[in-house]
Amino acid sequence: MLTAALAAALFQTAPVATPDLSWIAGYWLDCSGGREASETWSDPRAGLSVGHAVTVENGRVSFEVSHIGPTAHGFAYVAQPGGVPPTVFVLAESGPARAVFANAENDFPTRVIYERDGDALTARIEGEIGGQARSMEWKFTAAPLNTRCPA
């Protein structure tokens, strides 16, 4: 009886704590490199934050819808750039102003990283293309909703 109780206790899993990612909420704008990139993130509601991004560069526009929250794979960042089927990046690391999400099975990127420092939010994607390490980074500044880059 004691062995069965001990085995049951060992196989019980504690509920996964929802990390506090409220620091990502807001409207973020990056006007660097001749592009206009914006991301908008909702505050977490029952552990779910919903986001969308719009980038205008060289007269072309692209978009991504995403969310961060509980999934069947665990707490994750779920991205749909251009409306393609969702790709799930599971939370690998989190802190008071940093979150790293990973999906080793994805072609590119395999990691999505967000870091906040005051009114600055850095978003970075990392992985490999053709066996070479690659990354892209956006340096956003907090802005009033729907602010545009100067013409």
Side-chain angles (χ1 to χ4, degrees), residues 12-151:
Q12 285 182 352
T13 56
V16 177
T18 301
D20 179 10
L21 299 182
S22 60
W23 51 266
I24 203 170
Y27 179 77
W28 303 95
L29 186 62
D30 178 354
C31 298
S32 64
R35 72 175 174 225
E36 177 177 291
S38 64
E39 284 198 15
T40 307
W41 284 98
S42 72
D43 62 324
R45 309 274 172 107
L48 177 69
S49 295
V50 177
H52 72 273
V54 178
T55 300
V56 179
E57 187 171 13
N58 299 323
R60 299 177 73 144
V61 65
S62 62
F63 74 97
E64 178 175 310
V65 294
S66 50
H67 64 276
I68 298 172
T71 72
H73 305 283
F75 198 84
Y77 173 88
V78 181
Q80 289 185 261
V84 301
T87 302
V88 177
F89 297 85
V90 177
L91 184 68
E93 172 191 333
S94 70
R98 177 179 163 87
V100 179
F101 302 91
N103 179 339
E105 303 299 314
N106 194 47
D107 53 358
F108 182 85
T110 54
R111 289 173 26 111
V112 177
I113 303 160
Y114 280 94
E115 286 186 280
R116 181 165 178 182
D117 184 10
D119 282 343
L121 179 72
T122 301
R124 181 178 173 88
I125 57 175
E126 301 175 340
E128 287 187 6
I129 299 176
Q132 299 290 319
R134 305 281 185 195
S135 65
M136 295 176 69
E137 188 169 272
W138 295 262
K139 294 198 176 279
F140 296 104
T141 303
L145 184 61
N146 295 326
T147 299
R148 303 290 308 270
C149 294

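Residue numbers run from 1 in the order of the sequence given. The figures here come from the full heavy-atom set of this structure, side chains too, leaving out hydrogens, waters and symmetry mates.
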When you compare the side chain of [Y] with that of [X], does any pair of heavy atoms fall below 4.5 Å?
X: Y114; Y: W41; value: yes
X: Y77; Y: L21; value: no
X: I24; Y: R116; value: no
X: P150; Y: C31; value: yes

| For the atom pair OG (S62) and CD (E57), what is the distance rounded to the nearest 0.5 Å? |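 Reported value, rounded in 0.5 Å steps: 8.0 Å.
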| query | Rounded to the nearest 0.5 Å, how far does CG of D117 lie from CH2 of W23? | reply | 11.5 Å
So does [Y] get a backbone contact from the side chain of [X], meaning a donor-acceptor N/O pair under 3.5 Å?
X: E128; Y: Q132; answer: no
X: E126; Y: R111; answer: no
X: N58; Y: R60; answer: no
X: S49; Y: I68; answer: no
X: D30; Y: K139; answer: yes

Do you know which two heavy atoms are closest between [X] and [Y], and how far apart they sit?
X: F140; Y: A123; result: CE1-CB, 3.9 Å
X: A143; Y: L29; result: CB-CB, 4.3 Å
X: P109; Y: I125; result: CB-CB, 3.6 Å
X: R35; Y: C149; result: O-SG, 4.2 Å

| said: Pairing donors with acceptors under 3.5 angstrom, does anything connect the side chains of S135 and R124? | reply: yes
| field | Heavy atoms from other residues, nucleotides or ligands near CZ of R134 exceed 12 (cutoff 6.0 Å) | value | yes
Give the table of side-chain donor-acceptor pairs shorter than 3.5 Å for residues 85-104, with sequence neighbours excluded, one pair per line with atom names and distance.
unit_1	atom_1	unit_2	atom_2	d
E93	OE2	R98	NE	2.8
R98	NH1	E115	OE1	3.3
R98	NH1	E115	OE2	3.3
N103	OD1	E105	N	2.9
N103	OD1	N106	N	3.1
N103	ND2	V88	O	2.7

